[in-house]
Trainee: 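Quick one: structure below, then a few questions.
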Amino acid sequence: MAFSCQDSPAPPPEYASFEDYPVYEGDDLGLAYSPERSAFRLWSPAAADARIHLYSHPTEGGPDRTVPLKRDVQGTWLAEIKEDLLGMYYTFQVQHDGEWLEEAPSPYAKAVGTNGVRAQVIDLAATNPDGWGNDRRPKLSQPTDAIVYELHIRDISVHPGSGITHKGKFLGLAEEGTQTAEGIPTGLSHLKEMGITHVHLLPSFDFRTIDESRLDEAQYNWGYDPQNYNVPEGSYSMDPADGASRIREFKTMVKALHDAGIGVILDVVYNHTGATQESLFNQLVPGYYYRQREDGSFSDASACGNETASDRPMVRKFIVESVKYWAEEYHLDGFRFDLMAIHDIETMNEVAQALHHIDPSILVYGEGWTAGDSPLPVERRALKAHTAEMPGIAAFSDDIRDGLKGSVFEHEQRGFVSGAPGRKEDVKFGIAASARHPQVDLQQVSYTDRFWAGQPTQTMTYVSCHDNHTLWDRLAISCQDEPEEERIKMHRLALATVLTAQGISFLHAGTEMLRTKQGVENSYNAPDSINQIDWNRKAVYRSTVDYVKGLIALRKAHPAFRMTHTDSLQKHLKFLDTPGDNLIAYTLSGHAHGDSWAQILVVLNGQPGPAEAPLPQGEWTIASDGQTVSEEGLGKVNGPSVKVPGRTAMILFQ
């Protein structure tokens, strides 16, 4: 009796380890669509068999049909269907160790339906909003020109008084001319008013936590639980079932921001996935995308259950191709890497090289730490300490962050702005953007034993972000015995330090209006009532809003605050001798970095009371007194010293 082997694939190749898996060199993984044909390609070298299921519904019912995939080159499987599948949903499925694993979208899926469980066939060209072909990135001459404003899509628009129609949606950030009932600008209009150069969006790719079929119910998450990396999040769209809708709306938001002269940075979380054993990566290529401990269990440097193996070739390829896709298809202006040190240095350098080939102005930065230990050798990790080995990449300075306000792990600890001793050198280290400076004493810097930035362009200078308490809440906890008026001074001093320091300035959304989350530290899944930006505070704390706006304008007008090379910084930035732990003064001299001002003097007084700071020879004009900022000047002073009020930043120039 004869048997046909037509439907029985050959036995799978045997591999001694993941390192032996073949590397696919093509660029057509996932779906290649045209009205005439759809080609589906999956990389899964060790699979015994593979197939694709086609559906007419995003979540329900069985497949309309199932099509076998045939083993092809370099560990891939391929199927071509010569008809127009536009609008159909699909999943891949592989057979492994004698059983069919769960269905999943391709890791390379560019469109999905509700909750991301099935990919969708779409025509990407049809997702472009009007004028998309003419959309251009705002010009950025150098990384330190950026003033980054970190926000969550829901937070900026969801408040009842925001005046924004599409609350909690991509389109909400695209609305023009929104305001409160009192006529105070909100949303995009507020961003334009403040003068920031870039918005940094908390994860806005498709993540797991929010049930997109129940958007009429209260749900909230920051989005650090990735599911489909190359797809916008459905809960921020008007129609999560329609894969094209969320893409079009994301592009509409990008174009609106670009039209306003604002770049768009995406917070990316390639270091772990939201699911572990049941993730789409594990269902399609079991084990490969993750690092394992010696006993075979999942390693967990993310503290989220797993960590991805960026050092494996096909994981590195996925990360690099993913950021390139976002940069090219969505015109993005930058990427912030969550727990960047879980990735290896080589991968991060390939990311930066690929992006800067597209546009040298694209920003790449990340957290130079892990949340736990990793099998990846320390010397290969993209740590803060290794930043100088990663040209074109910046890391966050927790040195200046905690120097200004106290350790994020000890909530009642004070910092430089609230009068704590011993943090002066941390702040000076941050002012010099973590780059080598002869007047910074490394032995007195709390968190590091080296100047870790090769150039000042490699440091993100900040005092608060979405993580931990807002700056205002932190000061309320550590300085609860102080009246609000004093805490406002501390808050302003911290932001003034950030906006006059070298490096790339980074602001947490709403900090200009003393944003509060009602004392909640980790608000990743707290309700809107905690996370929303309360636009009423813009009116209540208008003087602080105007002060921060003035500092942003001053920074943009004066390149001395934005030097790009360590040798320039060493030449032009000089710290003056000041008494005590809470008084810093420094000059930016010699028309630094081509500045129109010959000399700038910045004095930071973290003491409760006034202090005398040395005033170099000659007449100086006050540009800011801690309450007002004016390029024209607020008065003139002569030496040998200047009196600076308590908890105040004073900026002077010649």
Side-chain angles (χ1 to χ4, degrees), residues 15-23 43 45-46 107 203 224-226 229 267-277 279-282 284-323 335-355 364-398 434 447-450 452-454 458 460 467:
Y15 301 102
S17 71
F18 292 132
E19 283 64 39
D20 295 332
Y21 279 22
V23 175
W43 182 78
Y224 290 93
D225 53 341
Y229 282 96
D267 196 328
V268 289
V269 190
Y270 296 109
N271 66 77
H272 74 278
T273 55
T276 302
Q277 191 66 54
S279 77
L280 65 89
F281 293 95
N282 249 354
L284 297 176
V285 198
Y288 179 85
Y289 284 88
Y290 301 93
R291 293 196 186 111
Q292 291 85 22
R293 303 184 182 98
E294 287 188 6
D295 63 3
S297 63
F298 288 97
S299 54
D300 187 19
S302 69
C304 295
N306 60 74
E307 65 180 281
T308 54
S310 64
D311 46 320
R312 290 180 184 152
M314 287 299 288
V315 184
R316 179 178 294 147
K317 175 183 172 73
F318 175 77
I319 294 171
V320 172
E321 291 187 357
S322 179
V323 294
F335 298 87
R336 176 265 193 190
F337 280 75
D338 182 66
L339 294 178
M340 181 172 70
I342 291 176
H343 301 315
D344 61 295
I345 293 169
E346 183 179 345
T347 294
M348 288 308 305
N349 281 335
E350 284 198 23
V351 163
Q353 289 161 11
L355 290 171
V364 183
Y365 58 94
E367 294 178 297
W369 47 78
T370 66
D373 200 12
S374 170
L376 184 70
V378 171
E379 64 271 15
R380 294 182 61 195
R381 298 179 196 174
L383 287 160
K384 180 182 77 170
H386 300 151
T387 304
E389 298 175 43
M390 298 181 285
I393 297 174
F396 284 96
S397 173
D398 53 345
S434 325
Y447 294 167
T448 187
D449 59 359
R450 70 184 77 181
W452 50 261
Q458 291 192 278
M460 302 300 295
D467 275 325

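Nothing fancy with the numbering, it's 1 onward along the sequence. The figures here come from the full heavy-atom set of this structure, side chains too, leaving out hydrogens, waters and symmetry mates. Just so we're clear, the structure is a prediction, and the values are computed from it rather than from any experiment.
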Trainee: Excluding sequence neighbours, so at least two apart, what forms salt bridge (charged side-chain N to carboxylate O under 4.0 Å, His left out) with Arg312?
Mentor: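 If we apply the salt bridge (charged side-chain N to carboxylate O under 4.0 Å, His left out) test to Arg312, skipping adjacent residues, the hits are Glu19.
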Trainee: Give the minimum heavy-atom separation between Thr308 and Tyr270, together with the two atoms involved.
Mentor: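 Closest approach of Thr308 to Tyr270, heavy atoms only: OG1-O, 2.6 Å.
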Trainee: Could you pull out the closest heavy-atom pair between Pro22 and Tyr15, with the gap in Å?
Mentor: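 So the two residues come closest at CD-OH, 3.5 Å.
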Trainee: Indicate yes or no: does Arg336 engage Glu367 in a salt bridge with an N to O separation below 4.0 Å.
Mentor: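 Yes.
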Trainee: Can you measure from CH2 (Trp369) to CG (Leu339) and round to the nearest 0.5 angstrom?
Mentor: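 Output value for this atom pair is 9.0 Å.
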Trainee: Which distance, rounded to the nearest 0.5 Å, do you find between the OG of Ser374 and the CG of Asn271?
Mentor: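 Atom-to-atom, Ser374:OG and Asn271:CG are 10.5 Å apart.
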Trainee: Can you list the residues that meet the salt bridge (charged side-chain N to carboxylate O under 4.0 Å, His left out) rule with Glu294, with sequence neighbours excluded?
Mentor: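 By the salt bridge (charged side-chain N to carboxylate O under 4.0 Å, His left out) rule, Glu294 matches no residue at all.
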Trainee: To the closest 0.5 Å, what do you measure between CH2 (Trp452) and CG (Leu383)?
Mentor: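 Output value for this atom pair is 11.5 Å.
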Trainee: Taking only residues two or more places apart in sequence or in another chain, which ones pass ring pair (Phe, Tyr, Trp, His ring centres under 6.0 Å) with Tyr224?
Mentor: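 Testing Tyr224 for ring pair (Phe, Tyr, Trp, His ring centres under 6.0 Å), a comparison that skips the adjacent residues, returns His466.
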Trainee: Please name all residues satisfying side chain to side chain contact (heavy atoms under 4.5 Å, CB included) with Ala275, sequence neighbours left out, ordered by chain then number.
Mentor: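 For Ala275 the side chain to side chain contact (heavy atoms under 4.5 Å, CB included) partners, ignoring immediate neighbours, are Arg208, Glu278, Ser279.
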Trainee: What pair of heavy atoms forms the shortest contact from Ser310 to Asp344, and how long is it?
Mentor: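 Minimum heavy-atom contact is OG-OD1, 2.6 Å.
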Trainee: Can you list the residues that meet the side chain to side chain donor-acceptor pair (under 3.5 Å) rule with Glu389, with sequence neighbours excluded?
Mentor: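 Per chain and number, Glu389 pairs via side chain to side chain donor-acceptor pair (under 3.5 Å) with no residue.
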Trainee: Assess whether side chain to side chain contact (heavy atoms under 4.5 Å, CB included) is satisfied between Ile345 and Arg380, documenting all intermediate values.
Mentor: CA-CA 6 Å; Ile345 293 169; Arg380 294 182 61 195; 5.6 Å; no
Trainee: Who are the salt bridge (charged side-chain N to carboxylate O under 4.0 Å, His left out) partners of Asp300, not counting sequence neighbours?
Mentor: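 Checked Asp300 against salt bridge (charged side-chain N to carboxylate O under 4.0 Å, His left out); zero matches.
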Trainee: Hey, does Tyr289 have a side-chain heavy atom less than 4.5 Å from the side chain of Leu284?
Mentor: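 Answer no - side chains too far apart.
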Trainee: Return the set of residues passing side chain to side chain donor-acceptor pair (under 3.5 Å) with Arg450 (not counting sequence neighbours), or none when no residue passes.
Mentor: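 So Arg450 forms no side chain to side chain donor-acceptor pair (under 3.5 Å) with any residue.
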Trainee: Could you walk me through whether Tyr229 and Phe318 satisfy the ring pair (Phe, Tyr, Trp, His ring centres under 6.0 Å) test, starting with their C-alpha distance in whole Å, then the side-chain angles of each, then the deciding distance to 0.1 Å, before giving a yes or no?
Mentor: CA-CA 10 Å; Tyr229 282 96; Phe318 175 77; 5.7 Å; yes
Trainee: Atom CE of Met460 and atom OG of Ser434: how far apart are they, to the nearest 0.5 Å?
Mentor: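 Output value for this atom pair is 11.5 Å.
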Trainee: Who are the side chain to side chain donor-acceptor pair (under 3.5 Å) partners of Gln458, not counting sequence neighbours?
Mentor: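 Gln458 satisfies side chain to side chain donor-acceptor pair (under 3.5 Å) with no residue once adjacent residues are dropped.
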Trainee: How would you list, by chain and number, every residue that makes a side chain to side chain donor-acceptor pair (under 3.5 Å) with Asp373, sequence neighbours excluded?
Mentor: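 Partners of Asp373 under the side chain to side chain donor-acceptor pair (under 3.5 Å) test: Arg381.
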Trainee: Counting only N and O atoms by type, is there a donor-acceptor contact under 3.5 Å from the side chain of Gln292 to the main-chain atoms of Gly287?
Mentor: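 Present.
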Trainee: Among all residues two or more places apart in sequence or in another chain, which pass the ring pair (Phe, Tyr, Trp, His ring centres under 6.0 Å) test with Phe396?
Mentor: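 Ring pair (Phe, Tyr, Trp, His ring centres under 6.0 Å) check on Phe396 returns Tyr365, Tyr462, Phe506.
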Trainee: Quick check: closest heavy atoms across Thr276 and Gly305, and the distance to 0.1 Å?
Mentor: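 Closest pair (atom of Thr276, atom of Gly305, distance): OG1-O, 3.7 Å.
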Trainee: My understanding is that only one of Glu350, His343, Met348 makes a side chain to side chain contact (heavy atoms under 4.5 Å, CB included) with Glu346; could you say which?
Mentor: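 Single side chain to side chain contact (heavy atoms under 4.5 Å, CB included) partner of Glu346 among Glu350, His343, Met348: Glu350.
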Trainee: Can you name the closest pair of heavy atoms from Val285 and Pro45 and give their distance?
Mentor: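 Nearest pair, atom of Val285 first, then Pro45: CG1-CD, 4.3 Å.
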Trainee: Can you tell me if Ser299 uses its side chain to pair, donor with acceptor, with the backbone of Arg291 under 3.5 Å?
Mentor: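 Side chain of Ser299 to backbone of Arg291, a donor-acceptor pair under 3.5 Å: yes, one is there.
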Trainee: Is the side chain of Tyr288 donor-acceptor paired with the backbone N or O of Met314 at a distance under 3.5 Å, no angle test?
Mentor: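 Checked: pair present.
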Trainee: Tell me, please, which residues at least two apart from Glu321 pass salt bridge (charged side-chain N to carboxylate O under 4.0 Å, His left out).
Mentor: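 Result, salt bridge (charged side-chain N to carboxylate O under 4.0 Å, His left out) vs Glu321: Lys317.
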Trainee: Return the CG to NE2 distance between Asn306 and His272, rounded to the nearest 0.5 Å.
Mentor: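 With rounding to 0.5 Å, CG (Asn306) is 6.5 Å from NE2 (His272).
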Trainee: Atom OG1 of Thr370 and atom CG of Leu376: how far apart are they, to the nearest 0.5 Å?
Mentor: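 Reported to 0.5 Å precision, the distance equals 10.0 Å.
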Trainee: Going by ring pair (Phe, Tyr, Trp, His ring centres under 6.0 Å), name the residues that satisfy it together with Phe298, two or more places apart in sequence or in a different chain.
Mentor: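 Residues passing ring pair (Phe, Tyr, Trp, His ring centres under 6.0 Å) with Phe298: Tyr290.
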Trainee: Testing the basics here: between Val364 and Leu355, what is the closest heavy-atom pair and its distance to 0.1 Å?
Mentor: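 That closest heavy-atom pairing would be CG2-CD1, 3.7 Å.
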Trainee: Please evaluate residues Val351 and Ile319 with respect to the criterion side chain to side chain contact (heavy atoms under 4.5 Å, CB included), reporting the C-alpha separation (whole Å), side-chain torsions for both, the decisive distance (0.1 Å), and the verdict.
Mentor: CA-CA 8 Å; Val351 163; Ile319 294 171; 3.9 Å; yes
